[in-house]
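The next block holds one structure in the form of structure tokens; read it before the comments.
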Amino acid sequence: MGAPSERVWQASAEGAAMFAVPSGQSVSLQDVFWEEGDSLLLRVRFTAPQIARVGGTIDYETAAKDMLFLCDTFVKPQVEQHDDKPDQIILSFSDVAVPFGEADPDATQFFEAYSIQDGACIWEVY
């Protein structure tokens with residue numbers, strides 16, 4: 001069996017995929033990757049320039065609705081097509097692309113955690 005990212009996600013990211021979300025903001029896929037340890041975690045990271053502290057028009061509450069929408073309409077269908085099922089899904093929005101694990105004090109970032117239960121993305125405390 002291949003690496004977890006090969007098992008579920010075939011498309012490359014790096015801003016290649018744009019998504020329409022309920023708020024109308026422009027959201028693009030930054031990257032997708034798995035973390036394996038005591039549990040299987042799937043991270044799906046998006047750039048969402050309109051959440052910027054300066055000049056942005058999307059607040060956290062609005063972005064959280066967009067994130068749930070992406071979990072239900074993009075992440076869940078991808079996960080359901082394959083045998084590997086994450087214990088938790090972490091979706092993040094950042095106004096600028098930030099390499100994973102690096103800090104950028106000027107970046108605005110929002111994070112939400114979900115699990116898939118009974119065919120729906122369920123918000124979890126993160």
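All values below were derived from every heavy atom in this structure, side-chain atoms included, with hydrogens, water molecules and symmetry-related copies excluded.
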Problem - Whether over 12 other heavy atoms sit under 6.0 Å from K85 NZ - result: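 Yes, the 6.0 Å shell around NZ holds more than 12 heavy atoms from other groups.
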
Exercise for the section: Go through the steps for T108 and F110 under the test side chain to side chain contact (heavy atoms under 4.5 Å, CB included), then give the verdict. Expected result: CA-CA 7 Å; T108 300; F110 300 145; 4.0 Å; yes

Problem - CA sep, side-chain torsions, deciding dist, call: Y114, M67, side chain to side chain contact (heavy atoms under 4.5 Å, CB included) - result: CA-CA 10 Å; Y114 304 93; M67 293 167 84; 3.6 Å; yes

Exercise for the section: For residues 33-73, pull every pair meeting disulfide bond (SG atoms under 2.5 Å apart), keeping only residues two or more places apart or in separate chains. Expected result: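 Found C71-C121.
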
Exercise for the section: Examine V44 and I122 and state if one hydrophobic cluster contains both, with Ile, Leu, Val, Met, Phe, Trp and Tyr joined whenever side-chain heavy atoms are less than 4.5 Å apart. Expected result: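 Unlinked, V44 and I122 end up in two clusters.
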
How many angstroms lie between atom [atom1] of [X] and atom [atom2] of [Y], to the nearest 0.5 angstrom?
| X | Y | atom1 | atom2 | answer |
| --- | --- | --- | --- | --- |
| F111 | S94 | CZ | OG | 7.5 Å |
| Q109 | S92 | CD | OG | 6.5 Å |
| I116 | D87 | CD1 | CG | 11.0 Å |
| D84 | W34 | CG | CH2 | 5.5 Å |
| F19 | F46 | CZ | CZ | 5.0 Å |
| Q50 | I58 | CD | CD1 | 6.5 Å |

Practice task
Test V75 against L70 for side chain to side chain contact (heavy atoms under 4.5 Å, CB included), laying out the working first.
Solution key: CA-CA 6 Å; V75 177; L70 287 168; 5.6 Å; no

Looking only at heavy atoms, what is the nearest atom pair of [X] and [Y], with distance?
| X | Y | value |
| --- | --- | --- |
| E112 | A64 | OE2-CB, 3.8 Å |
| P99 | R45 | C-NH2, 3.9 Å |
| Q25 | F93 | NE2-CE2, 3.7 Å |
| S28 | M18 | CB-SD, 3.3 Å |
| K76 | G119 | CE-O, 3.1 Å |
| A113 | Q88 | CB-NE2, 3.5 Å |

Practice task
Give a yes or no on whether the backbone of I51 and the side-chain of D95 come within a donor-acceptor separation of less than 3.5 Å.
Solution key: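 Checked: no pair found.
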
Problem - R43 side chain vs D31 backbone, donor-acceptor pair below 3.5 Å - result: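 No, because the side chain of R43 does not come within donor-acceptor range (under 3.5 Å) of the backbone of D31.
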
Exercise for the section: Run through the side-chain heavy atoms of Ile, Leu, Val, Met, Phe, Trp and Tyr, join any pair under 4.5 Å, and report what else lands in V98's cluster. Expected result: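 Via sub-4.5 Å side-chain contacts, V98 links to V96.
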
Exercise for the section: Check the pair L91, L68 against side chain to side chain contact (heavy atoms under 4.5 Å, CB included), reporting the backbone distance first and the verdict last. Expected result: CA-CA 9 Å; L91 265 69; L68 177 58; over 6 Å; no

Problem - Any side-chain donor near an acceptor of the partner, Q30 and T47, under 3.5 Å - result: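 The answer is no; no qualifying pair exists.
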
